[in-house]
*Asks:* 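Can you read through this structure? Questions will come right after.
Note that the structure is predicted; figures quoted are calculated from it, not measured. What you see below is based on every heavy atom in this structure, not just the backbone, and it leaves out hydrogens, waters and symmetry mates.
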Number of protein chains: 2
Amino acid sequence: MPQAQVRDVARLAGVSPGTVSNALNHPEKVSPSTRERILSAIAELGFVPNDAARQLRRGTNASIGMIVLDIANPFFTAVAGGVEAKLAEVGRPLVLANSGQDHAREIAYLDLFAEQRLSGVLVTPAGQVLDRLRRLRDRGTAIVVVDRKTGASEFSSVSVDDDLGGRLATQHLLDVGRRRIAFVGGPASLSQISHRIGAARRTVEEFGAGEIVHLDGPTLDVEAGRIGARRLLELPAAERPDAIFAANDLIALGALQALIMAGVRVPDDVAIVGYDDIEFAAAAAIPLTSVRQPAVAMGGAATTRLLDVIADPTGSTVEHIVLEPELVVRQSSSG
Amino acid sequence: MPQAQVRDVARLAGVSPGTVSNALNHPEKVSPSTRERILSAIAELGFVPNDAARQLRRGTNASIGMIVLDIANPFFTAVAGGVEAKLAEVGRPLVLANSGQDHAREIAYLDLFAEQRLSGVLVTPAGQVLDRLRRLRDRGTAIVVVDRKTGASEFSSVSVDDDLGGRLATQHLLDVGRRRIAFVGGPASLSQISHRIGAARRTVEEFGAGEIVHLDGPTLDVEAGRIGARRLLELPAAERPDAIFAANDLIALGALQALIMAGVRVPDDVAIVGYDDIEFAAAAAIPLTSVRQPAVAMGGAATTRLLDVIADPTGSTVEHIVLEPELVVRQSSSG
DNA sequence: CGCTCATATTGAAACGATTTAACGGCGGCG
DNA sequence: CGCCGCCGTTAAATCGTTTCAATATGAGCG
């Protein structure tokens, strides 16, 4: 079956290819009657414009790309939901990619996006990608960093105040009488993690009592939480923490599961505070205290910012939007 | 900043554009020394090939598209994970789109994929899209339906036996002495739903006792579960079901939450069985009995099938792969 | 009735890569 | 020593759409 193209549509409608293109892209330049005729020719032939040809000629791609750290984490799907909703308003498609915290895959997707000449990219970097981001930007792709402030701060970003979040969680644990707090989750090379830990350490210091132990790990999923909890259980009772501050809710849920299985009472023996407040935190075996991040709002704000950058490419306006997290206290820490 | 193109690379390396292209796409046709020279020219200029031009000339797009029903549902992200892993092996990029069970968005994405001439599409249809799928296939895009058998069965599919799943769940509830079973979740127009309900009805019939009540709803998320549970609580005590068979785990978790909040004892007053066995089912307030679907395996199988169809376009081989679900009994139904 | 001006349409160039047929140089073989 | 064939390279054609300058058409005005 031959694929119909503009030329065929033009012939059937008795006009030139240029007019067909105009009918589709600049309807006001075409008289209603010819437009009508062209549209029915298109329907009859089942013509579908070739996006590659259009893009090549136009020089731009309307799509927006997004690279998330972990598609299995409800927090990121919530962010993506916020992005998608905003993009739907302006009729731009979203291309979603999952780096899985793997630097190589992140690089591969960034390179793909570069080849595709996307008009904008939202990214939560997993590794060192400043050079690629610069190259992308230099080629005309708008970039907004999500859930992180880049070191060089040369790109606009939307993030949630990780220092505040770390402080809220730690202060709360101190308030309910905990003194040995294990921070579970990593890697510390992720700036979110280092900020949350840093804030936790500072809070303990200011408080004048207590300590933070970091149980690092390579990933941020449920399994990492189970592993972290087991490592914690191996410690001699005297050294065992009386609280866990988890890097995110997946880890908190995994740790919770492992602790319960081991007969540890939560929150009596070990209190737990998670991070993100995903939908499942409230429904956990022991409802999880968590630092709520405005995920959907973050996605929306990042998208708005990105569209602004696209609209005004000259704009050297770099903007860092920082949203505020909020502590939601539930049973896992209120003992 | 001017974007370097093959012509520039060619000039710098002292060869013709054709040779640059060969160096990139058919390295064996180019002598090692020139290839070396070309690669360093590419690096020096920061040349990034324009995918649109390449595609236009080649006539195909290596990317695979996937449309999921609900990106916020861990079940679908697990499926997507399986797909991504398989695609990574063959170096094809995945374009992930979320229909959100919205027919209009589903259509929009299918149209976009058609314009992009993707080589393959994995789709879990939300609405009536047979005509679009046919058009896509006729234009040379391979199609595999995921988590569903299409009515016309003209497309290959990978699904999980919903009849068996419905039977397993219902039989289990009957076995633990329940007789009034509420099926919560909809819409019934989704074939998964109708199969699971149908099997439930048949199981009750064969058993010779009990009944199924369907509490329909437009979506399959946590909120729908809460709403379903509330509707159930409004029934006079005599009519109130003693078990819930939820269309998926999100609904089960929402219902569980609402029931607990209302002081209903689970499983004593109302037993609950979910569907999917997502990662969070086991970590719920009352660990959830659920019909486990092999999500990752389904994604992998669908991808393998899709790649086969792409490799053999003439192949009129339509194949329907049906995987088996498995009941995982936990506390929410073992009373 | 002729001229101007706006509007609708046309034809051809252009986007940037890949491909293909043709070509030149070189070594091997007779 | 000359011809053949092979290898690496080149020049030009090509993919399918959009754009742009040029043209045709028709209306309005003096």
*Asks:* Nearest whole angstrom, please: distance from the P of D:dG8 to the CD of B:Glu36.
*Replies:*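 Answer to the nearest Å: 16 Å.
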
*Asks:* 5'-most contact on DNA chain D: B:Ser33 or A:Asp51, nearest heavy atom basis?
*Replies:* B:Ser33

*Asks:* Using the side-chain heavy atoms of B:Leu56, tell me which of these nucleotides is nearest: C:dA17, D:dC15, D:dT19.
*Replies:* D:dC15

*Asks:* Could you state the atom-to-atom distance from CZ of B:Arg7 to P of D:dA12 in whole Å?
*Replies:* 14 Å

*Asks:* Under 4.0 Å between a side-chain N/O of B:Ser31 and OP1 or OP2 of D:dC7, yes or no?
*Replies:*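 For B:Ser31, the contact criterion (side-chain N or O under 4.0 Å from OP1 or OP2 of D:dC7) is not met.
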
*Asks:* Round to a whole Å and report the spacing from CG of A:Asn22 to C1' of C:dG11.
*Replies:* 13 Å

*Asks:* Using a heavy-atom cut-off of under 4.0 Å over every strand shown, decide if B:Val20 touches base, sugar-phosphate, or nothing.
*Replies:*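 The answer is nothing, as B:Val20 stays clear of every strand by at least 4.0 Å.
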
*Asks:* Looking at B:Ser16, does any N or O in its side chain come under 4.0 Å of the phosphate oxygens OP1/OP2 on D:dT9?
*Replies:* no

*Asks:* I want to check one thing: is the phosphate of D:dT19, taken as OP1 and OP2, less than 4.0 Å away from some side-chain N or O of A:Ser21?
*Replies:*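 Answer is no, no contact under 4.0 Å.
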
*Asks:* Would you tell me whether A:Arg305 and A:Thr317 have side-chain atoms, one donor and one acceptor, within less than 3.5 Å of each other?
*Replies:*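 A:Thr317 and A:Arg305 do have a side-chain donor-acceptor pair below 3.5 Å.
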
*Asks:* Look at all strands and tell whether B:Gly18 reaches a base, only sugar-phosphate, or nothing, counting heavy atoms closer than 4.0 Å.
*Replies:*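 Counting heavy atoms under 4.0 Å across all strands, the contact made by B:Gly18 includes a base.
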
*Asks:* Which nucleotide in the set C:dT9, C:dG16, D:dT17 lies at the smallest distance from any side-chain heavy atom of A:Pro49?
*Replies:*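 From the listed options, D:dT17 comes nearest.
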
*Asks:* In whole Å, what is the span from the CD atom of B:Gln55 to the P atom of C:dT19?
*Replies:* 13 Å

*Asks:* In whole angstrom, give the distance that lies between atom NE2 of B:His26 and atom P of D:dG8.
*Replies:*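 Atom NE2 in B:His26 sits about 14 Å away from atom P in D:dG8.
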
*Asks:* Can you tell me the distance, in whole Å, between the CG atom of A:Asn25 and the P atom of D:dT19?
*Replies:*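 To the nearest whole Å, that distance equals 6 Å.
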
*Asks:* Can you tell me the distance, in whole Å, between the CZ atom of A:Arg11 and the C1' atom of D:dG16?
*Replies:* 14 Å

*Asks:* Quick check for you: among D:dT17, C:dT18, C:dG16, whose closest atom lies nearest to any side-chain atom of A:Ala53?
*Replies:*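 For the A:Ala53 side chain, the nearest candidate turns out to be D:dT17.
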
*Asks:* To the nearest 0.5 Å, what is the distance between CZ on A:Arg37 and CD1 on A:Ile42?
*Replies:*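 So the CZ of A:Arg37 and the CD1 of A:Ile42 are separated by 12.5 Å.
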
*Asks:* A:Ile42 has an atom CD1; how far is it from atom P of D:dT17, in whole Å?
*Replies:*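 Going from A:Ile42 (CD1) to D:dT17 (P), I get 10 Å.
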
*Asks:* Would you please say whether a donor-acceptor pair under 3.5 Å links the side chains of A:Gln192 and A:Asp147?
*Replies:*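 Yes - a donor-acceptor pair under 3.5 Å links their side chains.
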
*Asks:* I'd like to know if B:Arg57 reaches the base of C:dT18 with its side chain such that a donor and an acceptor end up less than 3.5 angstrom apart.
*Replies:* yes

*Asks:* From the list C:dA17, D:dG16, D:dT10, which nucleotide is the closest neighbour of the side chain of B:Phe47?
*Replies:*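 Closest nucleotide to the B:Phe47 side chain: C:dA17.
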
